[in-house]
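Each chain gets a letter, A, B and so on, in the order the sequences are listed, and its residues count up from 1. Everything numeric in this text was worked out from a predicted model, so none of it was measured.
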Amino acid sequence: MAARNGIVTLTTDFGTADGFAGALRGAVLSAASGVRVVDITHEVPARSVREGAFALRAAAPFFPPGTVHLGVVDPGVGSDRRLLVIVDHGMQQVYVGPDNGLFSYVLDEARAFETHEIDPAGFRATSTTFHGRDILGPVAGRIAGGADPLSFGPPVVEPLRLPRHVEPMGAREGRVLQVDRFGNLVTTLRPLGGDVVVDVGGARVARRVTCYAELAPDEPGWYVGSLGLIEVALGDGSAAEAIQRGVDAPVRLL
Amino acid sequence: MAARNGIVTLTTDFGTADGFAGALRGAVLSAASGVRVVDITHEVPARSVREGAFALRAAAPFFPPGTVHLGVVDPGVGSDRRLLVIVDHGMQQVYVGPDNGLFSYVLDEARAFETHEIDPAGFRATSTTFHGRDILGPVAGRIAGGADPLSFGPPVVEPLRLPRHVEPMGAREGRVLQVDRFGNLVTTLRPLGGDVVVDVGGARVARRVTCYAELAPDEPGWYVGSLGLIEVALGDGSAAEAIQRGVDAPVRLL
Amino acid sequence: MAARNGIVTLTTDFGTADGFAGALRGAVLSAASGVRVVDITHEVPARSVREGAFALRAAAPFFPPGTVHLGVVDPGVGSDRRLLVIVDHGMQQVYVGPDNGLFSYVLDEARAFETHEIDPAGFRATSTTFHGRDILGPVAGRIAGGADPLSFGPPVVEPLRLPRHVEPMGAREGRVLQVDRFGNLVTTLRPLGGDVVVDVGGARVARRVTCYAELAPDEPGWYVGSLGLIEVALGDGSAAEAIQRGVDAPVRLL
């Protein structure tokens, strides 16, 4: 494990209007005031573990080794769901958050990782509804400040996992994983090598491009997106609206 | 007063679309370029001092001692409203902003604080409409960089205050203070110790829970929220919409 | 050129929901992990180079000398549009982004600047759609970490420019440049010295004020805004809605 670099990223569904994202930043900084907090996003739709997992997959791998990623999308807060610290030995990243699948998509890419539970007894949890501020933020801050990430509780065999966000190499059938802000449809499929037609719930997209600029404004095309996955877009505008397909629509390569 | 820790938090109603929050960050960093700027929120509804006060109350107390909190919700900018620096000696936090009540809710919790006015003559205010950038940001940056917070002008007897955000200990009558992003209703009342029924504008909520997960999706319940105040929520969804009550609705403990 | 101060600002149209802004932050920090990333905005309307240029103009000049400003509003990503590094010798700021006019408004104010193209051959661009993450972020990070900003490729005679965002001194005819979050209309005109009537697409605003607080809630007035440009506002509410005028509406000083 690389030495920690003092960076803590934040991925939450708190929004940025109420001050709760600010409270979380404060809790991290109070645990180790020299740390830098860097947002991935606070705009995960409320309680959507899947969308949080996607945001983490899109961003976490691009941070330097030794980064701590704090994820708080936690509809089960206050229940007996576990809180975890996960160390990805390959990417040399640390994940801190609830055991609800939030780190599934980054772990889909991990070769070797280790998971420990956080023993909450070590924390004066002043609330039953904001463990991000009262437990997870302090843990992330302490790890970024140099604490052993696997020292907060006993090992866990396997964290909860969502269905894989990417099909196996060579797969021809998958689904829409995410619709991004521009209305591009991100699929769970990797390119096969040759040219194919991408069928999204019956809507067929034949043209392969390398960038949006090759397409006429309302022309659909597919390309290999920034996560290495097949995406469908228009030259200008929302492909999701144009072809009326969204998350979980079936995708086939013809 | 603890030594400053080099952190300046930002709470504004600028939104994040125009670049004005960026200008404020730049102004702080130009005053002391080693400082770290950390957002509480820029999504305070335009000109809503009350919502800004709530965001500060939710976040500021969780930052480490020696933090400078810059608040710019300032509908009176350019008028003769005063600009203030407030030092909370107990919490060891510094507040910088207009004298319009923005720091009321954090001061409700302060045992001993001291307030000085900022003499604007020391600043080349290049605008009459953006004192955040031209005066307050530089003051906050200089304080975070080590300047004496009470050196920018003469003492002030009492800053403007909003009505208290929390009723006295033992009170049974209060109001809805805030509706958060999840539609939870935060009240001005603290728990009494035993079980009570929470009446929000005639809608009665009897079930006390310790977390959302104990509730069925459309079942309302109350609990002690992350600010130590009674809150009303559904298991899943917006309690505010479900019971059709909002800010300032009367609340009684029966 | 002043020494770099280790600050990289970000101006994009990524939004903050998907994790792509987070990926960009990670890419900058991976290039030079001691750097501080500071947002100007990620809420530029999708693919709107003009709005990105405005956000940069509003914020970049207020950062300390030696700041690197990374702008990624890049509808032409993956096409043969160039990627640039621009050094403003007067303001001592560095700009990194696509050659599409994004830095026009800050350059309108620059006395002497130098532009070099980025040779993408030096970068393992893992995507054709996210050069922000794969090329521009790393370049900005390396410059902030001390690399020579003009070392990434050959000189360029002139970057693409949008029409000037401010009319020449003494001009009486211009246009609405921007409508801000409060509904204030920012024009391309500077004040003439004496009192004038501001005509916005036929709607005449005679009252000059120095701040919003001088106006009745629905009374329109004009003033010199925080960018030194004439703006039209109401005492409370949106002037753009009240007079039904928006971006590019003609403005005359009568």
Side-chain angles (χ1 to χ4, degrees), chain A residues 2 5-7 9-11 13 15-16 21 36 38-45 48 51-67 69 93 105 178-184 186 209-215 217 223-229 231 233 235-238, chain C residues 6-8 10 12-39 41-48 72-81 98 100 120 124-138 141 145:
Chain A
N5 56 32
I7 299 171
T9 78
L10 307 181
T11 304
D13 63 351
T16 52
R36 281 167 296 159
V38 180
D39 290 338
I40 289 180
T41 180
H42 298 283
E43 303 299 334
V44 174
S48 174
E51 298 249 11
F54 182 81
L56 277 157
R57 170 64 188 85
F62 300 96
F63 279 80
T67 299
H69 302 282
Q93 312 271 336
Y105 296 170
Q178 177 78 355
V179 176
D180 76 15
R181 178 185 195 218
F182 301 98
N184 303 330
V186 183
V209 295
T210 55
C211 65
Y212 315 119
E214 294 175 32
L215 293 165
Y223 56 94
V224 182
S226 60
L227 302 180
L229 299 171
E231 302 188 13
D236 189 17
S238 166
Chain C
I7 298 170
V8 175
L10 307 180
T12 82
D13 63 353
F14 299 170
T16 51
D18 288 309
F20 295 115
L24 186 68
R25 293 182 185 111
V28 171
L29 290 163
S30 287
S33 74
V35 156
R36 279 168 297 161
V37 288
V38 180
D39 290 338
T41 181
H42 298 284
E43 304 298 336
V44 173
R47 301 163 184 169
S48 175
V72 192
V73 179
D74 191 16
V77 62
S79 71
D80 58 1
R81 65 87 185 80
N100 61 13
R124 196 188 53 129
T126 56
S127 79
T128 54
T129 54
F130 200 175
H131 287 173
R133 183 192 71 190
D134 295 335
I135 303 176
L136 296 168

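A/L227 and C/R133 get closest at one heavy-atom pair: CD2-NH1, 4.4 Å. Nearest heavy-atom pair across C/G22 and A/F63 is O-CE1, 3.2 Å. Shortest non-hydrogen contact noted between C/V77 and A/C211 is O-CB, 2.9 Å. Between A/A59 and C/G19, the shortest heavy-atom distance links the atoms CB-O, 3.3 Å. Taking both residues in full, the closest heavy atoms of A/A58 and C/A23 are given as O-CB, 3.3 Å, listed atom of the first, atom of the second, then distance. The minimum heavy-atom distance linking C/V35 with A/R36 is given by the pair O-NH1, 2.8 Å.
When heavy atoms are compared at a cutoff of 4.5 Å, A/Q178 approaches chain C solely by way of its side chain, counted from C-beta outward. Looking at C/D13, the atoms closer than 4.5 Å to chain A (heavy atoms on both sides) sit in the backbone and in the side chain alike.
Of the listed residues (C/A31, C/G34, C/G137, C/G76), the greatest number of heavy-atom pairs within a distance under 4.5 Å of chain A belongs to C/G34. Highest contact tally toward chain C, considering only A/L56, A/D180, A/V224, is held by A/D180 [criterion: heavy-atom pairs under 4.5 Å]. Looking only at heavy-atom pairs under 4.5 Å with chain C, the residue among A/I40, A/T16, A/L10 that has the most is A/I40. Chain C forms more heavy-atom pairs under 4.5 Å with one residue of A/F54, A/Y223, A/F182, A/Y212 than with any other, namely A/F182. Contacts with chain C were tallied for A/T11, A/N5, A/D39; A/D39 has the most, counting heavy-atom pairs under 4.5 Å.
Looking at heavy atoms from C-beta onward, A/V38 lies in side-chain contact with C/L29 at the 4.5 angstrom threshold. With a 4.5 Å cut-off on side-chain heavy atoms, C/R25 and A/T9 do not count as touching.
Side chain of A/S226 to backbone of C/T129: no donor-acceptor contact under 3.5 angstrom is found.
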